[in-house]
2 protein chains.
Amino acid sequence: MPAPAHRRSYRREGEEKRRDDLIAAAMSLVAEGGPEAATVRAIAARAGVTPGLIRHYFQSKEELTHAAYRHVMESMTQEAVRAVETLPADDPLSRLAAFIAANFRPPVMTPLLVGVWAGYMHLGRNDPVMHAIHEATYLGYRDRLQALIAALPRPSDPARDRREAIACNALIDGLWIEGGSLPDSFDPGEVTRIALDGIGAMLGVTFPATAYPATAYPSLPDRKTNP
Amino acid sequence: MPAPAHRRSYRREGEEKRRDDLIAAAMSLVAEGGPEAATVRAIAARAGVTPGLIRHYFQSKEELTHAAYRHVMESMTQEAVRAVETLPADDPLSRLAAFIAANFRPPVMTPLLVGVWAGYMHLGRNDPVMHAIHEATYLGYRDRLQALIAALPRPSDPARDRREAIACNALIDGLWIEGGSLPDSFDPGEVTRIALDGIGAMLGVTFPATAYPATAYPSLPDRKTNP
DNA sequence: ATGGAAGTTATACGTTCGAACAATAAGGGA
DNA sequence: TCCCTTATTGTTCGAACGTATAACTTCCAT
């Protein structure tokens, strides 16, 4: 077997870009083919580098997996938090509605993100680091949801708030999995409306019409309003 | 390395028992350590046989995986169906409640079953056989739920029934995942009560008290009623 | 220009996986 | 009781995996 005539040429990139590229490559591979498809060779090929480079930026493949999972979970929580913090504190109903709705549009409810979540979720059962990442994001999410529920203008009842937070969290999770797995089975905005209607019914409140997504289909070719 | 002096002795078993043992071994390994822990060697060891025997009963490891996944999904659907068909058709409220409650007690809501579901769920994204098994059980489940909702004594509205079936299915899924993953975070029967209260609120109905699980904790050592 | 640090490639190693296959023990029918 | 089918074992094989490491290329400082 003759020695290769030439090495392939390459460009040097900053550390941040390389790490982001490798994480994005790992995420997309997991979303498409599950964790077993995210081999170091496949990740490197998708990122446009050679396998050895992974070990230059991550001590092990496990460390890259942790970084990718943390990126996925944090991006979802940050998106919901960002949707809330722009609203005034004296409008708890709109704040809760915005928190809910943020989960059912990109970049949170996408096949890629649901696929990565599905591929990685069982790893939290044994890997302590993955479990810690999962707990920090997941329970933090539910606590924040319970705080938004407790802020509603009605008599205080912490035990009821806990039960309702559990129920609302479960409904959001189930709808997110369904909507992200089968995006073509729902009209635009339909999942959001189902979530707001269902949670409103469970909490005994009615969310303002402004909290709902704009009606998606005039279903007529001529639209008076734009995008 | 000397040839082994003696082969280990063994007993011949019927085909059905061997297949069941291998499926159960694969399921428990997936529940504990994810799909990557369910190697042919580990499965054979747990079933008390040698790896070669797997290929005697299944053409490939993939075929064993399909059999195990089908067993998991079918056992869950059968359990919910069985809970309904013992109730009279003229009591749709109790039938719906029984269908819901069946998902939140053994043998459906167990860490093992949730773990197997989590470990296998991402395989449905690429493997056509797994996808078919998933669709046949999952959509069949939701259709049956929608039929029970449509049978409620109230004005007919198929579009509303569809939206409510989606919401109820999502709530059941989310609670089942939570309750099965963290069984110690809930009191006995608490998940069932949350599900019945939440679904009742979303549908605008009140389930009869007989549909709820018996209060679990007298929290006093002396109980008047039995086990 | 040029030297040197560091990013990147290419190759190799040891392990483990699913699979294949020949050898053997077991148990029922004649 | 013997024999023949077959359930089961023990071993081996090629492929692919994560990891390790030396050699090469790029690019900035000088």
Side-chain angles (χ1 to χ4, degrees), chain A residues 1-23 25-26 29-30 33-68 119 123 126-127 129-130, chain B residues 1-23 25-26 29-30 33-69 119-120 123 126-127 129-130:
Chain A
M1 197 182 303
H6 299 301
R7 292 194 159 207
R8 64 186 260 193
S9 68
Y10 60 90
R11 288 197 342 163
R12 292 185 155 198
E13 298 284 358
E15 171 174 344
E16 196 170 351
K17 169 161 171 49
R18 283 288 190 231
R19 290 179 65 98
D20 289 351
D21 284 351
L22 289 169
I23 288 173
L29 281 165
V30 170
E36 69 272 17
T39 66
V40 291
R41 288 166 176 80
I43 294 170
R46 180 155 301 194
V49 298
T50 51
L53 192 62
I54 291 180
R55 301 286 320 282
H56 189 264
Y57 288 107
F58 299 94
Q59 273 202 344
S60 65
K61 185 202 173 187
E62 193 181 23
E63 190 178 304
L64 169 56
T65 298
H66 293 161
L123 295 181
N126 297 315
D127 185 329
V129 177
M130 295 289 275
Chain B
M1 198 183 303
H6 299 299
R7 291 192 160 206
R8 65 188 258 196
S9 69
Y10 59 90
R11 290 197 340 158
R12 290 190 162 196
E13 299 285 358
E15 172 174 341
E16 196 170 351
K17 169 161 172 47
R18 282 286 189 235
R19 290 180 64 97
D20 288 351
D21 285 351
L22 290 170
I23 288 173
L29 282 165
V30 170
E36 69 273 18
T39 67
V40 292
R41 289 167 175 81
I43 294 169
R46 180 156 298 193
V49 298
T50 50
L53 191 63
I54 291 179
R55 301 284 321 284
H56 185 73
Y57 287 107
F58 299 95
Q59 272 201 342
S60 65
K61 186 203 172 187
E62 193 182 23
E63 190 178 304
L64 170 57
T65 298
H66 292 160
Y69 186 62
Y120 281 158
L123 295 181
N126 297 314
D127 185 329
V129 177
M130 295 289 275

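No experiment lies behind these values; they were computed from the predicted model shown. Reminder, nothing fancy here: chain letters follow the sequence lines and each chain counts from 1.
- A/L53 places its CG atom 13 Å from the C1' atom of D/dT26, with the value rounded to the nearest Å.
- One cannot find a donor-acceptor pair under 3.5 Å joining the base of C/dA26 and the side-chain atoms of B/R11.
- Toward the 5' end of DNA chain D, the nearer of the two residues B/G48 and A/A38, judged by each one's closest nucleotide, is B/G48.
- The interatomic distance linking B/K17 (NZ) with D/dT8 (P) rounds to 10 Å, in whole Å.
- Contacts of B/F58 with the nucleic acid, taken as non-hydrogen atoms under 4.0 Å apart, are absent.
- The shortest distance between side-chain heavy atoms of B/M130 and B/T65 falls below 4.5 Å.
- One can place CD1 of B/I43 at 17 Å from P of C/dT16, the figure rounded to the nearest angstrom.
- With rounding to whole Å, A/L22 atom CG is found 13 Å from C/dG7 atom P.
- Taking only distance into account, the side chain of B/R7 meets the base of C/dA23 through a donor-acceptor pair shorter than 3.5 Å.
- Looking at heavy atoms from C-beta onward, A/E13 lies out of side-chain contact with A/V49 at the 4.5 angstrom threshold.
- Considering NE2 of B/H56 and CG of B/L22, their distance stands at 11.0 Å, rounded to 0.5 Å.
- Side-chain contact check for B/Y69 versus B/V30: every heavy-atom pair is 4.5 Å or farther apart.
- Comparing C/dA19, D/dT8, C/dT8 against the side chain of B/S60 picks out C/dA19 as the nearest.
- One N or O donor and one acceptor, one from the side chain of B/R41 and one from the base of C/dG18, sit under 3.5 Å apart.
- Across all strands, A/T50 comes closer than 4.0 Å to base atoms (heavy-atom distances).
- Taking only side-chain nitrogens and oxygens, B/H56 comes nearer than 4.0 Å to OP1 or OP2 of D/dA7.
- Put simply, B/R8 has no side-chain N or O that comes within less than 4.0 Å of OP1 or OP2 on D/dT8.
- Among the atoms of the strands shown, only primed sugar atoms or phosphate atoms (P, OP1, OP2) are found under 4.0 Å from some heavy atom of B/E13.
- Separating the OH atom of B/Y57 from the C1' atom of D/dT8 is a distance of 8 Å, rounded to the nearest angstrom.
- Candidate nucleotides C/dA19, D/dG18, C/dT8 were compared by shortest atom distance to the side chain of B/K61, and C/dA19 ranks first.
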Kindly determine whether A/R55 and A/V40 satisfy side-chain contact (heavy atoms from CB on, under 4.5 Å), including the steps that lead there. CA-CA 9 Å; A/R55 301 286 320 282; A/V40 291; over 6 Å; no
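- Contact of A/R12 with C/dA6 (side chain to base): a donor-acceptor pair of N or O atoms is detected under 3.5 Å.
- Protein atom CD1 of B/I54 is 13 Å distant from nucleotide atom P of C/dA20, rounded to whole Å.
- The interatomic distance linking A/Q59 (CD) with D/dA20 (C1') rounds to 14 Å, in whole Å.
- Between the base of D/dG18 and the side chain of A/R55 there is no donor-acceptor pair shorter than 3.5 Å.
- In this structure the side chain of A/E62 never reaches within 4.5 angstrom of the side chain of A/V129, judged on heavy atoms.
- Contact annotation: B/Y10 does not reach the phosphate of C/dT24 (side-chain N/O to OP1 or OP2, under 4.0 Å).
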